[in-house]
There are 4 protein chains.
Amino acid sequence: MDREALEQLLQVNDQEVKMSEKQQKIVMAAIEMFSEKGFASTSTSEIAKKAGVAEGTIFRHYKTKKDLLLSIVMPTIINTAAPKFAKSFAKEVFDHQYESYEDFVREILSNRFAFVKKYFPVVKIYFQEVFYHEEMRNLFKTIFNDHVYEKFKQIIEYFKEKGELADLPAESIIRMTITSIVGLIITRFLISEDMDEEQEKERTIQFIMNGVRKR
Amino acid sequence: MDREALEQLLQVNDQEVKMSEKQQKIVMAAIEMFSEKGFASTSTSEIAKKAGVAEGTIFRHYKTKKDLLLSIVMPTIINTAAPKFAKSFAKEVFDHQYESYEDFVREILSNRFAFVKKYFPVVKIYFQEVFYHEEMRNLFKTIFNDHVYEKFKQIIEYFKEKGELADLPAESIIRMTITSIVGLIITRFLISEDMDEEQEKERTIQFIMNGVRKR
Amino acid sequence: MDREALEQLLQVNDQEVKMSEKQQKIVMAAIEMFSEKGFASTSTSEIAKKAGVAEGTIFRHYKTKKDLLLSIVMPTIINTAAPKFAKSFAKEVFDHQYESYEDFVREILSNRFAFVKKYFPVVKIYFQEVFYHEEMRNLFKTIFNDHVYEKFKQIIEYFKEKGELADLPAESIIRMTITSIVGLIITRFLISEDMDEEQEKERTIQFIMNGVRKR
Amino acid sequence: MDREALEQLLQVNDQEVKMSEKQQKIVMAAIEMFSEKGFASTSTSEIAKKAGVAEGTIFRHYKTKKDLLLSIVMPTIINTAAPKFAKSFAKEVFDHQYESYEDFVREILSNRFAFVKKYFPVVKIYFQEVFYHEEMRNLFKTIFNDHVYEKFKQIIEYFKEKGELADLPAESIIRMTITSIVGLIITRFLISEDMDEEQEKERTIQFIMNGVRKR
DNA sequence: CATGAATGAGCATTCATTCAT
DNA sequence: CATGAATGAATGCTCATTCAT
């Protein structure tokens, strides 16, 4: 992960993230260690050593160790869920950018797959720690409800009306769609790394579509 | 979780698990705390306090804190995957106990759903910690490969031959089936606890079947 | 070390030492461990394990761990210094049992050498621990002053009068004699175990005698 | 012991030992406590309290408690045996700096006596702990064999050829010489502190010389 | 801004000792 | 007498955090 990618990841709301050389090294070391050993099992001295800075330097930039974690995870939560949706989503959909639910599923799957591929360690940290930190859970819920869920629902209702999707509750379709996408991603990145990506992506899309298509 | 349930959970290979009153309290306190705060963030003194025993007592029963964790998680890993499969699986299937893949899916879903419902905290610990402890990953892989994967594959091949299932690789069908089941369980127990269980179970089964059925 | 040797070692003033099987095993395990690792670094549980008894059993026989140490070392201190001297010494000497200082030196050297050879681990413990336990030091001083020093002095004065020994203070002759004997024993048992014992004993006797003989 | 003396003691091979105020206090407290109560019976919290530092500070300077011990004892072992010998010894002898074995004995006795007088607590620690720590024993053996024993032997052979010393094996003469010197030192510093030092030194030299002189 | 020595609370673990069985 | 589970104080050590330089 280079500086640019990192700053892009941690950037929220177009506010630029300015990080000094040292700060950047700290964050990258933290990501690596948190991902490998977990937040609670990583010591700030390890991070400092790996980052090549003094221990004190970490606390100059982040008031506490937890602040460092949150500074990494919170923007990631926002960016995991939000970007595609939050910004251009409604427009895209109502502009009929997606001609079918299948196109839409293909787009999210490909997009989220690429995101995880690029930022795997950060995503891993966030899935681990979200269980133990209420701030994360709250932010996640807010983002998900406000930006993802609502828009997702609208899209589904739209294609249900168009007769492409079965008459299932939107919640169920959302759950099964996301579940299948996340399942693919987890299988690929945590379990069988030698999977034929493109074929499995396509199979997953067909599986989802067969599962929810009106018949 | 009462004593009987606990001993049943930690029991492997019909070897009886005998636990003194105190030991049982320790394990139950540990499960509660590990589940709530994570292994690394739970101190042995907290466990002792919650269990109502002296700190030293923990170490009389478990050489290290990690031993305590493993004594909880390892049998759970075995019991999560193995029992239904390891013992009666082959027989059941080739005795045509399952008349269709749908019956089979219904059975696992209902069975695993009930298991998680009963032992949620332990299952949570195990999903959290499996990322950081190689012993767990190794055991999981072994159990999964030896007991689950092979049998699962045989069942799928059987129903593929019978013309019920689409001509997809068994690996893909397994992945999509498990993914959908686990996705339902996670949604139910971690996200929306007020879901209409029975309806969503049935929808998930239909989703899976539509996804993999020969057409 | 067998039971008899052990009871003989720990016996003082002809009071018989009765030890049960278990007690005996405890003492022997304690001697072995204290000698190997030192008193403070040996735990009662190690002793119990090596002795093949329960931890509680140790404390049934000895109120504290230190009591166990003292029960081993205190009789040894008495027996190291005292027996030859305390009982028959004066008589022997004034009965002219020793015809020369050389005979006397030869006798102590041979006697103490054999004692250490037989009870080396116990002697090692006592030399180690005497520095840290006042009771030991006090007993040692008492025994040494009352039983050894006085008699030793009488013998030296006797042979000085007979013209065999140089006109040095008895203290100095005692110091140099003991020093040379102890030096030989330490060299033999702690440093060069392959020494030619008999030859070095004789050389040491000659060295002492040349050093203190009247000339 | 002041800072300078301490740094001099711990210095090896002219590498300067730089110690902060706190570190110095830690080492001096450790020396005092180890000497008084023994290594195993001294707790790091006691050392910290006596040194007037936080307990953590000890572990910033020394990775483990044992490291602290070794950092004190190992240089002392080197300096106890080596300096006089290792550097100027051979030269001195073959330059006939010592005109007689007696001069040589007088020199070591006075030199080592002064060393122990100055650094008694450290020497005590080292004699106690050498029995339980293999590193110490190995270093001691190496130093003794390489630097002391060989040179000592050469000197003895030289004076044997000159006809001053009896025809005894060098090993025996070395043993008896060292034994007598160490015996004097132990008597003086551990047993009778009110001894007339100078007179007893001279008596010991005469005792040694009479014992080993050719006759 | 950066450093790294210092801190002291907290941690997992050990230990001598007790006591109900 | 013997046991061994239970205790809780103490131990060696770690860690996040502070602060003088």
Side-chain angles (χ1 to χ4, degrees), chain A residues 20-23 25-26 39-49 51-68, chain B residues 20-23 25-26 39-49 51-68, chain C residues 20-23 25-26 39-49 51-68, chain D residues 20-23 25-26 39-49 51-68:
Chain A
S20 69
E21 188 82 14
K22 303 242 170 200
Q23 191 174 359
K25 278 181 180 164
I26 290 168
F39 171 71
S41 300
T42 301
S43 72
T44 49
S45 79
E46 282 174 293
I47 296 171
K49 199 192 291 177
V53 305
E55 264 194 271
T57 308
I58 294 175
F59 291 91
R60 178 155 298 279
H61 292 284
Y62 305 92
K63 249 166 63 83
T64 65
K65 185 188 167 194
K66 187 165 179 182
D67 271 15
L68 172 56
Chain B
S20 70
E21 188 82 15
K22 303 243 169 199
Q23 190 174 0
K25 278 181 181 165
I26 289 167
F39 171 71
S41 299
T42 301
S43 73
T44 50
S45 79
E46 283 174 293
I47 296 172
K49 202 188 290 175
V53 305
E55 217 174 330
T57 308
I58 294 175
F59 292 92
R60 174 158 291 279
H61 292 285
Y62 303 93
K63 253 164 66 82
T64 64
K65 185 188 166 194
K66 187 165 180 181
D67 269 16
L68 173 56
Chain C
S20 71
E21 188 82 14
K22 302 242 170 200
Q23 191 174 359
K25 277 181 181 164
I26 290 167
F39 170 71
S41 299
T42 301
S43 71
T44 49
S45 79
E46 282 174 294
I47 296 170
K49 199 190 293 174
V53 304
E55 263 193 273
T57 309
I58 294 175
F59 291 91
R60 180 155 296 280
H61 292 285
Y62 303 92
K63 247 164 64 82
T64 65
K65 185 188 167 196
K66 188 166 178 179
D67 271 14
L68 173 56
Chain D
S20 70
E21 188 83 13
K22 303 244 171 197
Q23 190 173 0
K25 277 180 182 165
I26 290 167
F39 171 72
S41 299
T42 301
S43 73
T44 50
S45 79
E46 284 174 295
I47 295 171
K49 201 186 293 174
V53 304
E55 213 174 334
T57 307
I58 293 174
F59 293 92
R60 173 157 293 277
H61 292 286
Y62 303 92
K63 254 163 66 82
T64 65
K65 185 188 166 195
K66 187 167 179 180
D67 268 16
L68 173 56

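A note on names: the letters A, B, ... follow the listed sequences, proteins ahead of strands, and every chain is numbered from 1.
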Nearest heavy atoms of C:Glu46 and C:Ser41, plus distance in Å:
OE1-O, 3.8 Å
The reported gap from OG1 in A:Thr64 to NZ in A:Lys66 (rounded to nearest 0.5 angstrom) is 8.0 Å
What is the minimum heavy-atom distance between B:Thr44 and B:Ile58, and which atoms define it?
O-CD1, 3.4 Å
Rounded to the nearest angstrom, tell me the gap between atom CD in C:Glu21 and atom P in F:dT3.
12 Å
Calculate the interatomic distance between C:Ile26 atom CD1 and E:dA16 atom C1'; express it in whole Å.
14 Å
Write down the distance between CD1 (B:Ile47) and P (E:dG10), rounded to a whole number of angstrom.
17 Å
To the nearest angstrom, how far is B:Asp67 atom CG from E:dA12 atom C1'?
13 Å
Within this structure, what is the OH-to-C1' distance between A:Tyr62 and E:dC1, rounded to whole angstrom?
15 Å
How is the base pairing of DNA chain F summarised as a dot-bracket string, given the Watson-Crick and G-U wobble criteria with both distances under 3.5 Å, [ ] for crossing and | for another strand?
.||||||||||||||||||||
Do other residues, nucleotides or ligands put more than 12 heavy atoms under 6.0 Å from the NZ atom of C:Lys49?
no
What string of B, S and - do you get for nucleotides 15-21 of chain F, 5' to 3', when a contact is any protein heavy atom under 4.0 Å?
SBBB---
Expressed as a whole number of angstroms, how long is the span from C:Lys22:NZ to F:dC1:P?
12 Å
Let me confirm one number: the OH-CG distance from B:Tyr62 to B:Leu68, rounded to the nearest 0.5 Å.
6.0 Å
Taking atom types as modelled, is there a side-chain donor on B:Ser45 or B:Glu55 under 3.5 Å from an acceptor on the other?
no
Got A:Ser20 and A:His61 here, is their nearest side-chain heavy-atom distance under 4.5 Å?
yes
Residue pair A:Ser20/D:Val53 against DNA chain E: nearer the 5' end by closest nucleotide is A:Ser20
Would you call D:Ile47 and D:Val53 a side-chain contact if the rule is heavy atoms closer than 4.5 Å?
no
With a cut-off of less than 4.0 Å, is there a side-chain N or O of A:His61 near OP1 or OP2 of E:dC1?
no
Euclidean distance, atom CG of residue C:Leu68 to atom P of E:dC15 [Å, nearest integer]:
16 Å
Are the side chain of B:Lys65 and the backbone N or O of B:Thr42 linked by a donor-acceptor pair below 3.5 Å?
yes
Whole angstrom value for the distance that separates P of E:dG4 from CD of D:Gln23
16 Å
